[in-house]
Amino acid sequence: MIFECKSEAAGKPSGRPAEKRGSRAVSSGNIVGIVLAAGLGKRMKSKLHKVLHPVCGKPMVSHVLGALEGAGVRRIVVVVGHGAEEVRAALGGRAEFAMQERQLGTGHAVRAAEALLAGEEGLAVVACGDSPLLRAETLSGMIALHRERGAAATVLTAVVDDPGGLGRIVRGADGAVERIVEAKDASEEERNIREINAGTYVFDLRLLFEALARVKNENRQGEYYLTDVVSILREEGRPVLGYRAADPAEAFGVNDRAELAEAERLMRRRINREHMMNGVTIVDPETTYIDADVSIGRDTVVHPGTMLRGGTRIGEGCVIGPQCDITDSEVADGAAVRHSVLNGAVVGARTTVGPFAYLRPGTRLGEDVKIGDFVETKNAWIGDGSKVSHLAYVGDARIGRNVNFGCGAITVNYDGYSKSETIVEDDAFIGSNVNLVAPVRIGRGAFVVAGSTITKDVGEDDMAVARERQTNKPGYAKTLRARLIARKMNRT
Ligand code: UD1
Ligand code: CA
């Protein structure tokens, strides 16, 4: 029998009930997940646990959990050791945790989860916490194939140009997977095999733990290899499948910072491609950095040098970039943001921002607002149709609709000890270079004259002027100039 199967052939799970072949695994729909994350990750040379290093804005292990969840895995046990507390804190309620006190190998690690999973039946998906590119679709494909063929184990494999230190898939004359040999234990001939073990598996849960109990550590590394389960199951005459990943990137594991950058690059390409397929124009995908959880509406154009991070949501028909750095912000339909930094900001429909604006947390811009160059906002609500066109600071402020906030005008919100609020009501006009010393309220339709330092409230439709009256001295410039020249001559 040939158990070889390409993922393209396996296709997506059809949704119909799995074929029953008499095995307990097949008859139960239950799937649990085991994620290995106890290793030290020495080569990262980091205080941060390897699996917590972010790839496209999310810890690696979080991507792995997402893939498992997406494939319908009901219960996930993460095997932790080094940095257990950090991993636990980062993943919280999404998983249960099993402690592997000493890292004696991947087989030993899986056994650490056994007690927690006692009484469970069905399938176990085992994955490594450092393989962020694993996709839910691939796991679903593996699970479907595994069930269809009544397999004992299904191993995710990939054919790569440089198999390096990865485990090699050894197939028999009939093409069936016979065993997995680690690079360090491989013969010359085996080392030439280019099909590698991705480190992701589907097992019959019960058979997995039965086989693991028989795994020995008689190998070059003196470790208990999870991969030895394959040959044990085969010796028992049980079917083991290889499921070849359509995209070898899915097998990519991160061991050092160079591989971290490579994982980031591969993930970035995948994310950008998905947005483009969904109707977003990305002018230069090579210089566009979009985190995994960002959403972008159709017909939005993203220009080069743009980073969209965290939980940022961009609407339809927006123009973003060039050179924007937008984190945890919302940009509504038809808005345009150029050369700007946004963090925790909400931008209303058709509003324009930048170039060179800095919108800080708590900024909420209404619709058709204009925020121009060198404007900073923080905890500021700015109503529909208002304009802050240049060189302004709006902090701790509630600005109404159709307000003009002049060039160089600022809110003076901080006295060195506490912050105070500025309120500007609808249709007010704040002239250039005005200081609004908070707490202060500018009434509806009021007019604040340029250069004023406002310390008292201004009533509705009132005009406020708070500056020295100007005096002109006719012809005096000439006199002054003559005096200044004379003084300079005397000195030299
Ligand atoms: C393993 C596979 C190899 C495969 C490769 C894919 C074995 C024996 N080899 O090798 O065939 O090609 O993954 O990346 O399984 N871990 C623990 N506890 C331990 C040891 C490891 O939790 O005692 C965790 C690590 O944190 C890591 C994962 O298991 O997340 C894989 O361990 P690693 O040492 O990187 O295995 P490889 O040697 O890369
Ligand atoms: Ca590894």
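All values below were derived from every heavy atom in this structure, side-chain atoms included, with hydrogens, water molecules and symmetry-related copies excluded. For ligands, and for the atoms within them, numbers begin at 1 and follow the listed sequence. These figures come from a predicted structure and were not determined experimentally. Numbers here are sequence positions counted from 1.
Residues passing the side-chain contact (heavy atoms from CB on, under 4.5 Å) test with Gln100 are Ala38, Val79, Gln103, His108, Ala109, Ala112, sequence neighbours excluded. Scored by the ring-ring contact (aromatic ring centres under 6.0 Å, His included) test, Phe356 finds His339, Phe374 as partners (sequence neighbours excluded).
Under the 4.0 Å criterion applied to side-chain N and carboxylate O atoms, Arg179 and Asp228 are not assigned as salt-bridge partners. Taking the charged nitrogens against the carboxylate oxygens, Arg191 and Glu182 have no contact shorter than 4.0 Å, which rules out a salt bridge.
For Asn197, a nitrogen or oxygen atom sits less than 3.5 Å from a nitrogen or oxygen atom of ligand 1, counting backbone and side chain alike. In terms of polar-atom proximity, Lys50 is not counted as a contact of ligand 1, lacking any N or O under 3.5 Å from an N or O of the ligand. For ligand 1, the polar-atom distance check finds no N/O of Tyr225 at less than 3.5 Å from any of the ligand's N/O atoms. Close N/O approach between Gly199 and ligand 1 is not found [any backbone or side-chain N/O within under 3.5 Å]. The shortest N or O to N or O distance between Ala38 and ligand 1 is below 3.5 Å. Ligand 1 has a nitrogen or oxygen under 3.5 angstrom from a nitrogen or oxygen of Leu36. At least one N or O atom of Gly39 sits closer than 3.5 Å to an N or O atom of ligand 1. Between Thr106 and ligand 1, at least one pair of N/O atoms sits closer than 3.5 Å.
Contact annotation: Ala109 has at least one heavy atom less than 4.0 Å from an atom of ligand 1. Using a 4.0 angstrom heavy-atom cutoff, His108 does not count as in contact with ligand 1.
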